[in-house]
Amino acid sequence: MTLPLTLLALLATRLAAAQRVIKAEIWKPQVADNSTTVDANDTLSTRSIGTLLTPRPDRSLYWINITIGTPGQPQSLQLDTGSNVILIPATGSSLCSSSLIPCDVLGSFDSSKSSTFSNTNQATGETFTDGASVSGNWIYDTVGISGASVTSQLAILGTSGSSITEGVLGVGFPASWPTLNHNLATQNLISSNSYSLWLDKASAASGTILFGGLNLARFTGALLKIPIVGSTNADGSMSYNQATVQLTQVSTLNGLLPVIQTPLTYSENAILDTGTTLTILQQDLATSIINAMGAQYYPLGSTSGNAIIPCQAATNNNGPSINFHFSNLLTGPTINVPLSQLVGTVLGSLNGISYCQFGIYSAPAGAGWPTILGDTFLRNAYAVYDLDTHHVGLAQAVYDSNVVDNIIEIPAGGIPTGIVIG
Ligand SMILES: *[C@@H]1O[C@H](CO)[C@@H](O)[C@H](O)[C@H]1NC(C)=O
Ligand SMILES: *[C@@H]1O[C@H](CO)[C@@H](O)[C@H](O)[C@H]1NC(C)=O
Ligand SMILES: *[C@@H]1O[C@H](CO)[C@@H](O)[C@H](O)[C@H]1NC(C)=O
């Protein structure tokens, strides 16, 4: 159903009176990083690039500031749409000393200083999809976010871990426990378990998340709603783990005519995940795109894995681009990703040309990796996660820093369909 514009305008006016929207900045830490100081004349040796291509969550993921406890102790946590737990490092624990960004920068929690702390005394060993794991206790305490307070929020107070580099705020679907976003809705701080992401462009230091709202000024064209793909349980009911959507066509543009890079019957489940820095596509498709964009696999001669691109592509605003189409090819959303947004960290130089990491990673065929639309994709989209109704709204993001916010609440029924502006 498409609501007429006038009705939407009325809806927006009526809601403006009592908007329940929580706005928070999401930011990329500007941590001094020795690995970017590659000698301009370095050759791209396997050793140095192997190290450099290890994802650096401290540089590329998005962080959100919250407080925990009473009085609130500040924490910066990695915002992760792909998981559903809150992980907070315990003050003085080994997790703090093993973190990539130390607790004295991002915060840790001293439960003895909180009057609202409650320990379930239940130990947990949580494993994330990327293999990282953490040990600690399930605890309850008050979480503060942009001035709002959620009481009795369940979290893991982490004491040790492996491959875990930071505290996490997982805002995925509630499992057997409620997420922060779920509690924001059930404690009436927002009207639905939903949030909107605007990561801004690759070069920007921060973006915005709106819990329970969306910003009409941050996208262009229609915000089109598509279903989240769930899995069917033995008893016929559905379960939802992540914001998985149906990718139905990918084409590249270089000049006027798009070149379709996927088979006619293509349909691939793809996860919209802020917790992954690159976009991970299956080998055949990734290879076609790497070729069409003028990137190349690295180490040279590989046929999957990492790719590199001349860094100067970052400043070419008229370069090639990729169109990602979702759900129904006629009525579903299309997000355009220009090459300039797919140029990552400077890696070194080869034959006098400076090379950067390419924003698409090629999953080896048959390895069973999921397709993940990570930050290099998400920065181009305005993405509304409507978890109550199991939908995602997608539109092309607008980067203009001078636009005036036009924030509306997402009502209990979820995103109003067919919001068109401009
Ligand atoms: C980065 O360089 C500084 C100054 O040379 C040094 O103290 C620090 O240990 C280096 N960090 C890493 C991670 O190598
Ligand atoms: C790179 O090589 C050129 C030519 O040999 C030299 O002039 C320049 O100083 C070198 N740059 C660095 C950073 O070493
Ligand atoms: C978040 O907290 C960090 C650490 O205290 C601080 O440096 C940063 O400015 C804060 N960012 C925002 C957006 O509040």
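Here, residue 1 is the first one in the sequence, and each next residue gets the next number. In this text the structure is predicted, and so the values were computed from the model without any measurement. When a ligand or atom number is given, it counts from 1 through the structure's own listing order.
- Looking only at protein heavy atoms, the nearest one to atom 5 (O) of ligand 3 is V105 O, 4.4 Å.
- For atom 7 (O) of ligand 3, no protein heavy-atom neighbour is present inside the 4.0 Å cut-off.
- Not a single heavy atom of P74 lies less than 4.0 angstrom from ligand 3.
- Of the protein's heavy atoms, N65 ND2, 1.5 Å lies nearest to atom 1 (C) of ligand 3.
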Would you mind writing out the side-chain donor-acceptor pairs for residues 201-211 within the sub-3.5 Å range, not counting sequence neighbours?
from, atom 1, to, atom 2, distance (Å)
S206, OG, E25, OE2, 3.0

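- A salt bridge is defined here as a Lys NZ or Arg NE, NH1 or NH2 lying under 4.0 Å from an Asp or Glu carboxylate O, and D200 with R218 fails to meet this definition.
- Between F377 and F324, the angle of the ring planes goes over 60°, which puts this pair in the perpendicular group of the 30/60° scheme.
- Taking a distance limit of 4.0 Å, we find that atom 11 (N) of ligand 3 is approached by some protein heavy atom.
- Ring-centre distance between W198 and Y399: not below the 6.0 Å cut-off.
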Start with the C-alpha gap between H390 and F173, add the side-chain angles, then the distance that decides, and say whether ring-ring contact (aromatic ring centres under 6.0 Å, His included) holds.
CA-CA 9 Å; H390 309 116; F173 283 96; 5.7 Å; yes

